[in-house]
Amino acid sequence: MAAHDGTLVELDDVRKEFGDVVAVKGIDFDIRQGEFFTLVGPSGCGKTTTLRMISGFERPTEGRVRIDGREMTSFPPEARDTNLVFQHLSLFPHMSVGENVGYGLKKAGVDADERDERVREYLDLVDLGGYADRDPADLSGGQQQRVALARALVNEPAVLLLDEPLSSLDRKLRKRMQVELRQIHEQTQGSFFYVTHDQEVAMTLSDRIAVMNEGRIEQIGPPEKIYRDPATEFVADFIGDTNLFDGEVIDRDGDRVVRVGGPDGFVVPVDGARGDVTVSVRPEDFTLVPEGGDFTGEVTERYFQGDRTNFVIDPDFDAEAVQIVIQGREGGVDTGERVAVDVVDGAPVVF
Ligand SMILES: Nc1ncnc2c1ncn2[C@@H]1O[C@H](COP(=O)(O)OP(=O)(O)OP(=O)(O)O)[C@@H](O)[C@H]1O
């Protein structure tokens with residue numbers, strides 16, 4: 001049951017110090033009932049510490065954690081309606097798959113018949129129906145991770161906490177598990193809090209993402225919003241690929257615009273007037289055009305990647321090389337060729 005406004009977990013100005021290290025510098029966010037919420041950021045930014053403060057394994061130095069409307073800041077893990085799945089598998093080796101999944105129910109005093117039924121139901125959910133009597137050691141890494149998921153889900157916690165649960169799997173399996181995790185989330189309609197440094201996983205799975213950097217949250221929002229309208233330079237650079245340029249705000253025909261690369265460069269519209277700014281343009285927001293274009297340059301590198309081709313272009317204005325991605329057909333352009341480039345209207349973001 002969520003608090004009446006749909007908020008299930010609330011972090012209120014939470015800070016965590018380990019001696020001189022400030023791992024989390026006063027963060028606020030809410031996880032809503034039924035939401036797949038992901039905390040993403042580079043290694044060491046404070047993600048696991050945040051998760052451990054929600055689970056109760058770590059106590060905040062300052063601030064509050066509420067779960068389902070109840071103050072939980074100082075409560076131990078067993079008093080909280082949360083379960084945890086880690087990157088490193090933690091199945092009990094001396095128990096069968098079914099016993100692993102039913103362990104928490106047994107501890108809670110659920111009788112054997114109901115336990116068997118629930119274990120069966122949750123093994124079916126993770127697509128391991130019929131595996132109850134197997135030894136976990138005989139399963140593949142992906143199957144073991146699914147058992148760990150079933151074990152964490154079976155007692156229907158208010159929030160499932162997932163700490164990089166897919167990062168030990170190979171790329172193909174990780175992709176498949178992403179899809180399955182999303183399906184499991186939809187079927188259980190549970191509230192999931194997922195921690196990862198992998199922005200691609202975050203984008204694929206999440207209803208909302210919080211981007212963390214050096215102990216602070218830089219932006220919270222749905223994946224599309226974070227990608228298309230990043231709040232900071234860090235977010236633009238960390239989520240997806242981007243080209244960052246220095247720009248200057250100038251008057252042009254009575255309008256304020258940002259000029260990138262001087263007279264040979266390009267301009268983008270801007271709201272409000274500021275001095276020096278940074279302009280972010282995603283690789284797919286440049287297009288190669290037959291002639292004219294917002295600027296010109298020379299193709300210095302070209303990487304064919306199947307569904308897309310990446311070009312590196314040395315522009316005729318003074319800036320670092322520009323990365324361009326053309327989806328689908330490669331456009332028949334080769335290294336050494338001169339090209340004209342357009343900037344997609346409305347796509348660049350100015351900081
Ligand atoms: N128990 C601890 N004692 C001292 N410092 C700690 C402790 N736990 C975490 N830290 C420090 O706090 C900071 C944040 O660590 P945390 O594990 O939360 O980051 P993370 O974003 O989860 O990183 P990763 O993606 O590498 O797991 C780091 O500088 C880390 O060294």
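The structure displayed is predicted, hence computed values, not measured ones. Start at 1 and go down the list; that is how both ligands and their atoms are numbered.
Taking every heavy atom of both residues into account, R32 and S191 meet most closely at O-OG, 3.8 Å. Residues M53 and V14 come closest through the heavy atom pair CE-CG1, 3.3 Å. Between V350 and P269 the shortest heavy-atom distance is CG2-O, 4.3 Å.
Assignment of G215 to the shell around ligand 1 is not supported, since no heavy atom sits closer than 4.0 Å. Residue-ligand proximity: C45 is placed with a non-hydrogen atom under 4.0 Å from ligand 1.
Closest to atom 12 (O) of ligand 1, if we only count protein heavy atoms, is A23 CB, 3.2 Å. In terms of protein heavy atoms, atom 30 (C) of ligand 1 is closest to V21 CG1, 5.0 Å. Considering only non-hydrogen protein atoms, atom 26 (O) of ligand 1 sits nearest to S43 OG, 2.6 Å. The nearest heavy-atom contact from the protein to atom 1 (N) of ligand 1 is F18 CE2, 3.5 Å.
In this structure, K16 forms a cation-pi arrangement with F18, its terminal cationic atom sitting closer than 6.0 Å to the ring centre and no more than 45° off the ring axis. Relative to the six-membered ring of Y227, R282 meets both conditions, a distance below 6.0 Å and an angle of at most 45° to the axis.
Those atoms of ligand 1 with a heavy atom of T49 less than 4.0 angstrom away are 9 (C), 15 (O), 16 (P), 18 (O). The ligand atoms of ligand 1 that sit less than 4.0 angstrom from a heavy atom of P42 are 21 (O). Those atoms of ligand 1 with a heavy atom of G44 less than 4.0 angstrom away are 13 (C), 14 (C), 19 (O), 20 (P), 21 (O), 23 (O), 24 (P), 26 (O), 28 (C).
Under the 4.0 Å distance rule, the nearest protein heavy atom to atom 9 (C) of ligand 1 falls inside the cut-off. For atom 19 (O) of ligand 1, a protein heavy-atom neighbour is present inside the 4.0 Å cut-off.
The N/O atoms of T48, backbone and side chain alike, include one that comes under 3.5 Å of an N/O atom in ligand 1. Between G46 and ligand 1, at least one N/O pair is under 3.5 Å apart. For the pair K47 and ligand 1, the shortest N or O to N or O distance falls below 3.5 Å.
Ring centroid separation for the pair F304 and F311 does not come in under the 6.0 Å cut-off.
Between T296 and D316, the side chains place a donor N or O and an acceptor N or O closer than 3.5 Å (distance only, hydrogens not considered).
Using the six-membered ring where Trp is involved, F36 and F192 have ring planes that are tilted, between 30° and 60° apart. Note on ring orientation: taking the six-membered ring where Trp is involved, the planes of F92 and H94 are tilted (angle from 30° to 60°).
Under 4.0 Å from ligand 1, not a single heavy atom of H197 appears.
Without hydrogens or angle criteria, R208 side chain to E35 main chain gives no donor-acceptor distance under 3.5 Å.
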